[in-house]
Each structure stands twice: as structure tokens, then as C-alpha cells.
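What follows is one structure encoded as C-alpha cells, with my remarks underneath.
Indexing begins at 1, ligand by ligand and atom by atom, following the structure's order.
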Amino acid sequence: MIIWDFNVIMAIVMTLSLGFVISLWVFYTLGRSPAAADRDFFRQCRFCGYLYFDYSKKTPGTCPCCGSYQD
Ligand SMILES: [Zn+2]
């Protein structure tokens, strides 16, 4: 029989909270890749070679580095 004193209760609470944090970490790191979500917005300037994310989806977009128009 388990004697429910403060140390046992704190050990159970800490184990459950650590398991919760680890499960959230596994869910967010292995479930989906953040690089795959941003792949559609990834652009490279044809003139200066600057790599950037274009979330506006405007055509023609402009390079944030040199300001040239991109298709
Ligand atoms: Zn550029």
C-alpha cells in the first residue's frame, strides 16, 4: 500500500507534468516539419540571389534586399 505523503504526491505530479511536456515536444517536432509548411513561400531573387520568404503571394513581388521585381 502506498502511503500518500507530500513526497509521493510531488513525485507523481512532477512525473505527469514531465510526461505531458515530453509528449507535446514529440508531437510538435515529429508530427510536422516547419520547413515543409514554409516551402511554398520560399523565394530566391534572380538578380542578387537573396533568399527570403514571401507570404504576401503578390505577383510581381519585390525582393526585400534589392527591390527588383520577381515573378
Ligand atoms: Zn534581390
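- Gln44 contributes atom CD, which lies 13.5 Å from atom CG of Asp54 (distance to the nearest 0.5 angstrom).
- For the Zn ion (ligand 1), protein N, O or S atoms closer than 2.8 Å were enumerated as Cys45 SG, Cys48 SG, Cys63 SG, Cys66 SG, with waters left out.
- No more than 12 heavy atoms of other residues, nucleotides or ligands sit less than 6.0 Å from atom OH of Tyr69.
- Ile9 is linked by a side-chain contact (heavy atoms from CB on, under 4.5 Å) to Trp4, Val13, counting only residues two or more places apart in sequence or in another chain.
- Clustering of Ile, Leu, Val, Met, Phe, Trp and Tyr by side-chain heavy atoms under 4.5 Å joins Tyr50 with Tyr52.
- Scored by the side-chain contact (heavy atoms from CB on, under 4.5 Å) test, Asn7 finds Asp5 as partners (sequence neighbours excluded).
- More than 12 non-hydrogen atoms from other residues, nucleotides or ligands lie less than 6.0 angstrom from OH of Tyr55.
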